Chemist: 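Could you have a look at this structure, given as structure tokens, before my questions?
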Amino acid sequence: MAENDIGLHNLKPAPGSRHRKKRVGRGEGSGVGKTAGRGQKGAGSRSGFKTRPGAEGGQMPIHMRLRKLRGPHMKKSMPFENFRTRTQPVNLRDLEARFGDGDSVTPHTLIARGLATRRDVPVKILGQGEVSKKLAVTAHAFSKSAREKIEAAGGSCTVLEADGD
């Protein structure tokens with residue numbers, strides 16, 4: 001057998017990873033004799049004593065000092081759903097890049113070109129970017145600037161009802 005043979009019979013913990021248990025209450029010379037690090041009298045010196053997690057000895061606990069959670073995941077605390085938009089935005093610069101002159105733009109063609117990714121969510125055309133092509137755009141909603149830019153380029157805007165495409 002080789003001297004450096006590794007096996008279950010000669011495994012040892014890494015040096016410094018194990019510590020001796022501190023033996024308390026074994027005489028004054030040990031430094032932790034008499035009261036064994038428990039102080040004088042009171043519940044903390046008795047056997048079986050446990051502290052409640054988060055107890056701070058009469059001081060207001062930190063979980064009560066901090067503010068309450070608010071937001072969409074805590075529906076009972078605040079009405080947060082009122083500001084949510086229920087449309088998916090598509091900007092004019094995207095239409096300019098993906099459609100040719102005289103093309104018809106509908107929610108179905110937007111899905112096919114990868115612009116309106118969420119099905120069954122109304123599409124709103126927003127006015128970021130410029131449009132130079134004549135497009136016939138059909139969507140559920142238009143921003144004011146988008147409508148102006150499309151019509152200025154000679155295109156048309158048609159509004160769809162939200163539930164039927």
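This structure is a prediction, so every number in the text was calculated from the model and none was measured.
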Chemist: Taking all atoms of both residues into account, what is the closest heavy-atom pair of Ser143 and Gly127, and its distance?
Modeler: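 Heavy-atom minimum between the residues: OG-N, 3.4 Å.
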Chemist: Heavy atoms, side chains only, cut-off 4.5 Å: are Arg147 and Val159 in contact?
Modeler: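 Yes. Closest side-chain heavy atoms under 4.5 Å.
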Chemist: How about CD1 on Ile6, more than 12 heavy atoms from neighbouring residues, nucleotides or ligands closer than 6.0 Å, or not?
Modeler: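 Counting other residues, nucleotides and ligands, CD1 of Ile6 stays at 12 neighbours or fewer.
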Chemist: Do Arg98 and Leu115 have side chains that get closer than 4.5 Å, going by heavy atoms?
Modeler: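 Side-chain contact under 4.5 Å: yes.
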Chemist: Going through the distances and angles, do Lys149 and Glu96 end up as a salt bridge (charged side-chain N to carboxylate O under 4.0 Å, His left out)?
Modeler: CA-CA 12 Å; Lys149 289 177 183 179; Glu96 179 74 20; over 6 Å; no
Chemist: Keeping the roles fixed (side chain from Asp101, backbone from Lys133), state whether a donor-acceptor pair exists under 3.5 Å.
Modeler: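 Checked: no pair found.
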Chemist: At what distance, to the nearest 0.5 angstrom, does NE2 of His63 lie from CD of Glu56?
Modeler: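 Atom-to-atom, His63:NE2 and Glu56:CD are 9.0 Å apart.
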Chemist: Quick check on Arg18: does its CZ atom have over 12 non-hydrogen neighbours (other residues, nucleotides or ligands) under 6.0 Å away?
Modeler: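 No, because the 6.0 Å sphere around CZ of Arg18 holds 12 heavy atoms or fewer from other groups.
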Chemist: Evaluate whether atom CZ of Arg26 has more than 12 neighbouring non-hydrogen atoms of other residues, nucleotides or ligands under 6.0 angstrom away.
Modeler: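 It does not: Arg26 CZ has 12 such atoms or fewer within range.
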Chemist: Which heavy-atom pair separates Pro61 from Gly54 by the least distance, and what is that distance?
Modeler: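 Closest approach of Pro61 to Gly54, heavy atoms only: CB-O, 3.6 Å.
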Chemist: For residues 30-39, tabulate all N or O donor-acceptor pairs below 3.5 Å that involve a side-chain atom, not counting sequence neighbours.
Modeler:
{"from": "Ser30", "atom 1": "OG", "to": "Gly27", "atom 2": "O", "distance (Å)": "2.7"}
{"from": "Ser30", "atom 1": "OG", "to": "Val32", "atom 2": "N", "distance (Å)": "3.3"}
{"from": "Arg38", "atom 1": "NH1", "to": "Gly44", "atom 2": "O", "distance (Å)": "3.2"}
{"from": "Arg38", "atom 1": "NH1", "to": "Arg46", "atom 2": "O", "distance (Å)": "3.2"}

Chemist: Locate the shortest heavy-atom distance separating Ala153 from Ser132; write the atom from each residue and the value.
Modeler: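 For Ala153 versus Ser132, the nearest heavy atoms are CB-C, 4.3 Å.
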Chemist: Within the structure provided, determine whether Leu126 and Gln128 are in side-chain contact (heavy-atom separation under 4.5 Å).
Modeler: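 No, every pair of side-chain atoms sits at 4.5 Å or beyond.
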Chemist: When rounded to the nearest 0.5 angstrom, what is the spacing between CZ in Arg113 and NE2 in His108?
Modeler: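 One gets 14.0 Å once the value is rounded to the nearest 0.5 Å.
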Chemist: Sequence neighbours excluded, which residues qualify as side-chain contact (heavy atoms from CB on, under 4.5 Å) partners of Ala116?
Modeler: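 Partners of Ala116 by the side-chain contact (heavy atoms from CB on, under 4.5 Å) criterion, ordered by chain and then number, come out as Gln88, Leu110, Ile111, Val123.
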Chemist: Say you draw a straight line from NZ of Lys134 to CG of Asp103; how long is it, rounded to the nearest 0.5 Å?
Modeler: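 Nearest 0.5 Å value for the NZ-CG distance: 12.5 Å.
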Chemist: Which atom pair, heavy atoms only, marks the closest approach of Pro107 to His140?
Modeler: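 Residues Pro107 and His140, closest heavy atoms: CG-CE1, 4.0 Å.
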Chemist: If you measure from CD on Glu148 to CD1 on Ile150, what distance do you get to the nearest 0.5 Å?
Modeler: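 The CD atom of Glu148 sits 11.0 Å away from the CD1 atom of Ile150.
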Chemist: Working to the nearest 0.5 angstrom, can you tell me the gap between Leu135 CG and Cys157 SG?
Modeler: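 So the CG of Leu135 and the SG of Cys157 are separated by 9.5 Å.
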